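Given the structure is predicted, the values throughout are model-derived calculations rather than measurements.
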Amino acid sequence: MKEFIIRAVSGAIYVLLLIGSLYMQNTLTALLVLFGVLSLAEFSNLIKLKSIAQYIIFIVLFGGFWYMSIWNKNTTGSDEAIQIVLVTTIFVNLILIKDLFTTKRIPIFSSKSFIVSTFYLTSGFIFMLLIANYENVFTPLLLLGSFILIWVNDSAAYLVGKNFGKQKLFPSISPKKTVEGFLGGLFFACISSYFIAKYTETLGFTSWLIMSIIVSVLGTLGDLIESKFKRQAGVKDSGVIMPGHGGLLDRLDSIIFASPFIYLFLRILSYVS
């Protein structure tokens with residue numbers, strides 16, 4: 001019971017911090033920087049990256065895109081820069097998906113450590129920032145809706161998997177995940193997309209439905225990839241900052257991996273609508 005209470009309190013603080021920050025653009029930006037640096041520290045420990053270069057890269061890139069998307073929206077070349085980082089990030093993420101299924105260990109060496117920390121983790125927070133400032137307008141409900149889809153998917157996957165799960169999804173990486181749990185998470189994420197569309201009044205139901213599928217599938221892959229990094233490091237959790245939950249990266253791995261794909265969908269949506 002004590003462990004449950006600790007887990008519930010730390011989880012509530014995390015959710016309240018996130019929701020509370022959505023009311024002001026600068027507060028949300030500051031929270032994303034804080035979460036990003038802490039997650040980067042945990043990830044650096046996982047891959048044994050003993051350097052400060054990844055933090056400098058994070059601050060420079062995040063600060064640059066903050067300047068282009070919020071402070072000076074008419075910066076020459078900003079859209080081109082976003083597209084380059086988006087394509088590179090998705091390419092790196094696809095390689096990580098390939099490594100998840102085809103190799104026993106995700107190969108990490110000196111140069112690749114910085115590539116992965118930049119275009120897997122740092123980029124994830126950059127695209128969270130861009131989602132919250134979609135089309136240069138502060139739209140925090142888009143980011144909140146994405147988080148809600150993650151939370152619903154994870155909670156439903158856990159409950160369905162625990163009560164009805166029989167077939168293992170990826171036993172070598174995450175023994176507790178089941179196919180039934182994954183499908184349950186996907187189903188309830190799709191259901192929740194209707195209510196998100198109705199109460200946020202941001203995108204139509206069809207758009208949120210597609211986003212729920214993107215979040216469920218890519219978020220699950222992101223969780224598995226982070227689990228593989230943890231297995232390679234020989235640890236259960238990425239950190240201890242959230243009592244009862246582990247590290248901050250354990251809570252954000254799904255949205256970090258899914259956010260570039262969410263942003264890509266939003267870009268496609270803006271072109272076709």
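- Annotation for Asn133 and Phe138: closest pair OD1-CD1, 3.7 Å, computed over non-hydrogen atoms.
- The aromatic rings of Phe195 and Tyr199 sit parallel, their planes meeting at an angle under 30°, below the 60° perpendicular limit.
- Considering only heavy atoms from C-beta on, Ile255 comes within 4.5 Å of Ile262 through its side chain.
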Full working for ring-ring contact (aromatic ring centres under 6.0 Å, His included) between Phe43 and Phe229: CA-CA 9 Å; Phe43 184 67; Phe229 278 122; 5.1 Å; yes
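- At most 12 heavy atoms of other shown residues, nucleotides or ligands fall within 6.0 angstrom of atom CD1 in Ile52.
- The closest donor-acceptor contact from the side chain of Glu180 to the backbone of Lys166 lies under 3.5 Å.
- No side-chain heavy atom of Val152 sits less than 4.5 Å from a side-chain heavy atom of Leu149.
- Ser123 places a side-chain N or O within 3.5 Å of a backbone atom of Thr118 that can act as its donor or acceptor partner.
- Counting only distance, with no hydrogens or angles, the side chain of Ser174 and the backbone of Phe170 share no donor-acceptor pair below 3.5 Å.
- A donor-acceptor distance shorter than 3.5 angstrom exists from the side chain of Tyr134 to the backbone of Leu266, with no hydrogens or angles considered.
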| What do the steps show when you test Trp208 against Thr202 for side chain to side chain donor-acceptor pair (under 3.5 Å), and what is the final call? | CA-CA 9 Å; Trp208 275 111; Thr202 48; 3.1 Å; yes
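- Pairs passing the salt bridge (Lys or Arg N to Asp or Glu O under 4.0 Å) check and including a residue from residues 205-226, sequence neighbours excluded, read Lys177-Asp223, Glu226-Lys230.
- At least one donor-acceptor pair under 3.5 Å links the side chain of Ser270 to the backbone N or O of Arg267.
- Using bins of under 30°, 30° to 60° and over 60° for the plane-to-plane angle, the ring pair Tyr14/Trp151 lands in the perpendicular bin.
- At a threshold of 4.5 Å between non-hydrogen side-chain atoms, the residues Ser117 and Phe58 do not count as touching.
- By the 6.0 Å contact criterion, CZ on Phe119 is enclosed, its count of non-hydrogen atoms from other residues, nucleotides or ligands being greater than 12.
- In Phe164, the CZ atom is not crowded: 12 or fewer heavy atoms of neighbouring residues, nucleotides or ligands sit closer than 6.0 Å.
- Under the 4.5 Å side-chain criterion, counting only non-hydrogen atoms from C-beta, Met128 is in contact with Ile256.
- Remark: Asp154 does not engage Arg251 in a salt bridge, criterion side-chain N to carboxylate O under 4.0 Å.
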Worksheet item: Going through the checks in order, is the ring-ring contact (aromatic ring centres under 6.0 Å, His included) test met by Phe261 and Phe127?
Response: CA-CA 9 Å; Phe261 297 92; Phe127 288 110; 9.6 Å; no
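- A donor-acceptor pair is defined here as one N or O able to donate and one able to accept, closer than 3.5 Å; such a pair exists between the side chain of Ser21 and the backbone of Leu18.
- Under the 3.5 Å distance criterion, the side-chain polar atoms of Ser259 are matched with a main-chain donor or acceptor of Gly124.
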